Number of protein chains: 2
Amino acid sequence: MNALFKALNDPTRRKILQMLRDQDLSAGEISDQFDISKPSISHHLDILKRAQLISGEREGQFIRYSINTTVLEEAANWFLEIINQSSDP
Amino acid sequence: MNALFKALNDPTRRKILQMLRDQDLSAGEISDQFDISKPSISHHLDILKRAQLISGEREGQFIRYSINTTVLEEAANWFLEIINQSSDP
DNA sequence: TCGTTATTTAGATAGTTATCTAAATATTTA
DNA sequence: TAAATATTTAGATAACTATCTAAATAACGA
């Protein structure tokens with residue numbers, strides 16, 4: 001849970017997730033959408049990977065990143081559990 | 001969204017939310033559950049308040065903190081939107 | 001009003017993080 | 001094999017954060 005919330009606590013990383021929601025992308029394609037150096041984006045991708053929010057597979061010269069919704073579902077449940085149990089007898 | 005994810009990115013604050021899920025508590029009652037100084041807990045409560053995850057109302061000598069699920073619902077939706085739109089045509 | 005209890009504010013510090021540039025690794029193509 | 005492209009790793013730095021102690025504010029009760 002720590003790695004997950006840490007990963008989500010950054011607007012760049014949240015935007016990356018939203019980009020990958022629509023389609024898989026290479027590191028370079030992701031990097032193109034930001035005014036941030038490629039090494040910095042690589043670092044963000046690493047943090048998202050550690051949280052298991054994304055996975056990357058090399059395809060030749062590129063690495064193809066895709067979103068992993070399993071952990072997001074766990075996170076959504078974390079919220080729903082708090083919401084549902086609140087003020088319940 | 002920034003304040004929300006920042007607030008959630010700390011195990012102490014997440015535990016406070018889970019405590020308030022069951023019942024309203026004073027700052028002192030919250031503080032008793034942690035090996036952390038009262039000023040530090042007060043600081044955590046402030047961050048949760050800024051994110052509108054909790055609210056505090058003075059009741060005489062005490063301040064009674066309660067959870068606010070509205071923002072949690074917005075957060076849950078943020079996750080569900082990503083989950084549901086992924087891999088959709 | 002004075003002392004006690006509850007909580008916050010102020011100021012300091014150690015640890016963490018986002019970012020950068022430079023260099024390294026991996027793959028393809030000529 | 002050498003050059004070009006894609007990505008990561010290393011090392012440095014400025015900004016942020018969690019924590020502490022000491023002091024301030026607020027409310028109660030004798």
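Side chains are part of it too, since the values below use all heavy atoms of this structure and drop only hydrogens, waters and symmetry mates. A note on names: the letters A, B, ... follow the listed sequences, proteins ahead of strands, and every chain is numbered from 1. Keep in mind it's a predicted model, so treat the numbers as computed, not measured.
- For the pair B:Glu29 CD and C:dA6 P, the computed distance is 10 Å after rounding to whole Å.
- Counting atom types as modelled, A:Gln61 pairs no side-chain N or O with a base atom of C:dT28 as donor and acceptor under 3.5 Å.
- Within the 4.0 angstrom heavy-atom criterion, only backbone atoms of the sugar-phosphate kind lie near B:Ile47; the bases stay farther away.
- Using a 4.0 Å heavy-atom cutoff across all strands shown, B:Arg13 reaches sugar-phosphate atoms only and no base atom.
- Taken to the nearest 0.5 Å, the CG atom of A:Leu48 stands 10.0 Å off from the CG atom of A:Leu4.
- Between B:Ser37 and D:dT19 there is no side-chain polar atom (N or O) within less than 4.0 angstrom of OP1 or OP2.
- Considering only side-chain N and O atoms, A:Ser40 lies nowhere under 4.0 angstrom from the phosphate OP1 or OP2 of C:dA18.
- Position along DNA chain C of the nearest nucleotide to A:Asp35 versus B:Gly28 favours B:Gly28 as the more 5'-ward residue.
- Of the candidates A:His43, A:His44, A:Arg50, A:Lys49, A:Asp46 forms a side-chain hydrogen bond (donor to acceptor under 3.5 Å, both in side chains) with just one, namely A:Arg50.
- In this structure, NZ of B:Lys6 is placed 18 Å from P of C:dT16, rounded to the nearest angstrom.
- The backbone N or O of A:Gln85 sits nowhere less than 3.5 Å from a side-chain atom of B:Arg21 that would complete a donor-acceptor pair.
- In this structure, CZ of A:Phe62 is placed 12 Å from C1' of D:dA4, rounded to the nearest angstrom.
- The aromatic ring centroids of A:Trp78 and A:Phe5 lie less than 6.0 Å from each other.
- Taken to the nearest 0.5 Å, the CG atom of A:Leu53 stands 11.0 Å off from the CD1 atom of A:Ile47.
- Between A:His44 and C:dT17 there is no side-chain polar atom (N or O) within less than 4.0 angstrom of OP1 or OP2.
- Distance, A:Glu57 CD to C:dA26 P: 18 Å, rounded to whole Å.
- Regarding contacts with the backbone of D:dT7, every side-chain N or O of A:Ser31 stays at 4.0 angstrom or more from both OP1 and OP2.
- Remark: the backbone N or O of B:Leu8 is paired with a side-chain donor or acceptor of B:Arg14 at under 3.5 angstrom.
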What nitrogen or oxygen pairs link the protein and nucleotides 8-12 of chain D at under 3.5 Å?
residue	atom	partner	partner atom	Å
D:dT8	OP1	A:Tyr65	OH	2.3
D:dT8	OP2	A:Ser42	OG	2.9
D:dT8	O5'	A:Ser42	OG	3.2

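- When rounded to the nearest whole Å, the span between CG of A:Leu48 and P of C:dT17 equals 14 Å.
- A straight line from CG of B:Asn2 to P of D:dT17 spans 10 Å, rounded to a whole angstrom.
- Of the candidates A:Glu57, A:Glu59, A:Arg64, A:Arg64 is the only one forming a side chain to side chain contact (heavy atoms under 4.5 Å, CB included) with A:Asp24.
- In this structure, the nucleotide among C:dT19, D:dA18, D:dC20 sitting nearest to the side chain of B:Ile36 is D:dC20.
- We find that CD of A:Glu59 is positioned 11 Å from P of D:dT7, with the value rounded to whole Å.
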